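For ligands, and for the atoms within them, numbers begin at 1 and follow the listed sequence. Since the structure is predicted, the reported quantities are computational estimates derived from the model, not experimental observations.
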Amino acid sequence: MRAGSHGALRSAGGPGLAALAAGRLALGWGRRIAFAWVVVAGMAMAGDRRGAVATVHPIATHAGLEALLEGGNAVDAAVASALMLGVVDGHNSGLGGGCFFLVRMADGRTEALDGREMAPASATRDMFLKGGKADARLSQDGPLAVGVPGEMAVLSAVSAKYGRLPMARLIERCAKVAERGFKVGDSYRGRTAGTLKEIGWASASDPAFAEFRRIWQMPTGQAWVLKQPELAGFYRRLAEGGAEEFYRGHFPAEVEHQMRRTGGLVRASDFAAYEMRSRQPLVTTYRGYEIIGFPPPSSGGVHVGEILNILERFDLRAMGEDSVDFVHVVTEAMKLAFADRAHWLGDPDFARVPRGLISREYARELAARIDPLHAGLVSGAGRPLDADSDVFERERHRHTTHFSTADGEGNWVACTATVNTSFGSKVVVPGTGLVLNNQMDDFVAQPGVPNFFGLVGADANAVEARKRPLSSMSPTLMLKDGRPVLSVGAAGGPTIISQTLLAIVRIADFGHGPADALAGRRFHHQWRPDVVKLERAWGKSMAESLRERGHVVEWVESLGATQAVGRRADGRFEAAADPRVQGLGATR
Ligand code: DON
């Protein structure tokens with residue numbers, strides 16, 4: 001048994017490293033772990049060559065490792081982790097939400113599976129307006145906030161197409177954890193308390209939130225073991241009935257019942273009409289690396305690519321990653337890209353998203369607008385070449401948490417999944433324990449009106465029936481000489497783009513490994529509001545220097561949660577969970 005050197009695990013409800021090292025890790029399904037993993041809380045050391053998993057929760061990481069141990073591949077590990085996250089980290093992601101799943105198999109097949117929620121058929125552009133004004137409560141809490149979930153469609157599709165293990169077996173393990181319960185950690189507890197407070201405006205008997213209140217009632221002052229028997233039962237139904245049960249079985253009727261009782265729009269017919277999309281991954285290059293990103297309706301792939309294209313025109317290494325020059329230039333590039341996001345980006349099935357946003361010519365033009373010493377005025381979106389003709393294709397009918405997996409055969413996964421904000425809409429389908437997302441808030445409720453994350457947008461991202469809301473989720477793979485070397489992505493709304501970008505830059509420009517890249521201090525600018533968010537660890541002098549250049553600085557304690565798996569030249573994996581959260585990266 002080897003273990004990394006970052007000390008004892010103090011994970012959110014997770015096991016201790018000591019327990020793990022002694023091979024007595026109880027994973028909820030009562031098995032002893034008697035094999036060697038290299039694990040470290042928050043980060044992970046470079047380990048072995050057989051596989052790697054990084055997620056925000058130790059139990060979910062172990063579910064992925066267990067799948068690898070049983071002969072599963074990186075896809076099985078990702079499916080196992082995703083399903084487990086829905087049990088132990090349900091405030092972030094779960095089957096009531098959506099995901100973007102980016103996979104590259106050892107034989108070179110690469111696919112972007114889009115499990116983004118879809119607006120119900122009766123959704124309308126003005127559905128979140130009250131008296132002519134956007135009402136955030138409608139799009140953030142309660143039944144109108146819910147889009148048709150896509151995660152189950154993706155997990156069952158990838159499991160069938162690329163996986164080796166029966167998905168039913170992976171689901172059953174999660175059901176056991178849901179049934180027996182898991183120890184809730186501080187972060188989960190805090191999110192629950194915040195959510196209960198947030199829905200405090202609704203009466204205790206409001207049927208929209210009654211289930212949430214019942215299941216997530218918090219014990220005062222003692223250890224909290226959360227048991228989710230209804231969720232266990234629901235998972236078992238899915239082990240039996242699969243995606244068919246989820247989209248066309250009894251479940252959609254139960255959702256419809258809850259929606260009709262509470263004034264929501266989602267119907268069983270919306271579930272039957274849900275379409276997972278297989279999309280062409282978006283490929284750009286940066287300093288000799290191939291960057292494989294997720295295409296729209298993710299804005300992540302486009303803008304990580306766009307910003308990297310701009311940054312390639314600057315010598316970041318010479319500036320130094322702790323320098324104000326570096327933070328300034330990257331901030332300016334972020335501003336330009338986010339201004340484009342607000343104008344151009346939306347579901348490519350509905351909006352014309354120009355491919356020119358990731359062209360080198362356009363990057364050259366944008367880079368030339370960056371004043372190395374002064375914050376520039378970015379009044380709006382740019383105009384990429386071929387903005388009218390060369391757009392991301394409408395798909396023909398071919399068809400927020402990030403986790404990364406890889407296996408020794410060369411299969412890699414980057415997946416970001418979310419129910420949007422904590423516990424999504426807070427609407428639980430009675431009898432299932434399943435929290436439904438509030439992804440409808442990622443649409444633009446009204447031009448110029450910011451959403452939960454302060455993002456503004458335009459027509460391209462207006463609400464429409466059966467449309468997918470724009471996302472910032474940015475699951476990304478990075479290749480060197482045709483071989484994957486990194487799987488990375490993040491949680492945290494629009495900061496996902498900045499986090500993913502910074503991880504790539506710290507690896508490509510500054511030569512860090514994944515764990516160090518994730519530990520690096522972060523900053524974020526999203527054009528509107530016109531402020532650069534700076535992690536406090538940067539210290540006052542950086543803030544002062546940025547202010548001198550004309551930036552408005554806002555402090556944040558900690559920015560986001562990135563997970564990554566990397567592979568070194570010697571073939572060893574390194575799995576890294578963000579040190580800001582209590583996740584786990586592990587290799588075998
Ligand atoms: O898709 C998006 O961009 C957002 N719904 C992601 C939400 C998120 O990252 C929440 N995490 N803090």
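In this structure, I292 and T110 have side chains that are in contact, with non-hydrogen atoms separated by less than 4.5 Å. Counting heavy atoms from C-beta on, the side chains of Y188 and H91 come closer than 4.5 Å.
Atoms of ligand 1 found under 4.0 Å from any heavy atom of R116, numbered from 1 in the order shown, are 1 (O). Listed by atom number, the atoms of ligand 1 under 4.0 Å from F453 heavy atoms are 7 (C), 8 (C), 10 (C). Set against the non-hydrogen atoms of M473, the atoms of ligand 1 under 4.0 Å away are 1 (O), 3 (O). Taking a cut-off of under 4.0 Å to the non-hydrogen atoms of S472, the atoms of ligand 1 that pass are 1 (O), 2 (C), 3 (O). Under a 4.0 Å criterion applied to the non-hydrogen atoms of G492, ligand 1 contributes the atoms 8 (C), 9 (O), 11 (N), 12 (N).
Atom 1 (O) of ligand 1 has its closest protein heavy atom at S471 OG, 2.6 Å. The protein heavy atom nearest to atom 4 (C) of ligand 1 is D442 OD2, 3.2 Å. Protein heavy atom at the shortest distance from atom 7 (C) of ligand 1 is T400 OG1, 2.6 Å.
Checked options R468, R116, R341; the residue passing with D442 is R116 (criterion: salt bridge (Lys or Arg N to Asp or Glu O under 4.0 Å)).
The closest approach between a heavy atom of T421 and any atom of ligand 1 is not below 4.0 Å.
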Before you tell me yes or no, could you show the steps for T262 and F209 under side-chain contact (heavy atoms from CB on, under 4.5 Å), namely the whole-Å CA-CA distance, both residues' side-chain angles and the distance that decides it to 0.1 Å? CA-CA 9 Å; T262 55; F209 306 114; over 6 Å; no
Would you please test Q582 and H57 for side-chain contact (heavy atoms from CB on, under 4.5 Å) and show each step? CA-CA 7 Å; Q582 290 156 330; H57 201 294; over 6 Å; no
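Within the 6.0 Å centre-distance limit, the rings of F234 and F251 are counted as a close aromatic pair.
Classification of R580 and E535 as a salt-bridged pair holds, one side-chain N sitting under 4.0 Å from a carboxylate O. Using a 4.0 Å cut-off between a side-chain N of Lys or Arg and a carboxylate O of Asp or Glu, K426 and E198 qualify as a salt bridge.
Contact annotation for I496 and ligand 1: only side-chain heavy atoms (C-beta onward) come within less than 4.0 Å of the ligand.
An N or O contact shorter than 3.5 Å links G493 to ligand 1 by distance.
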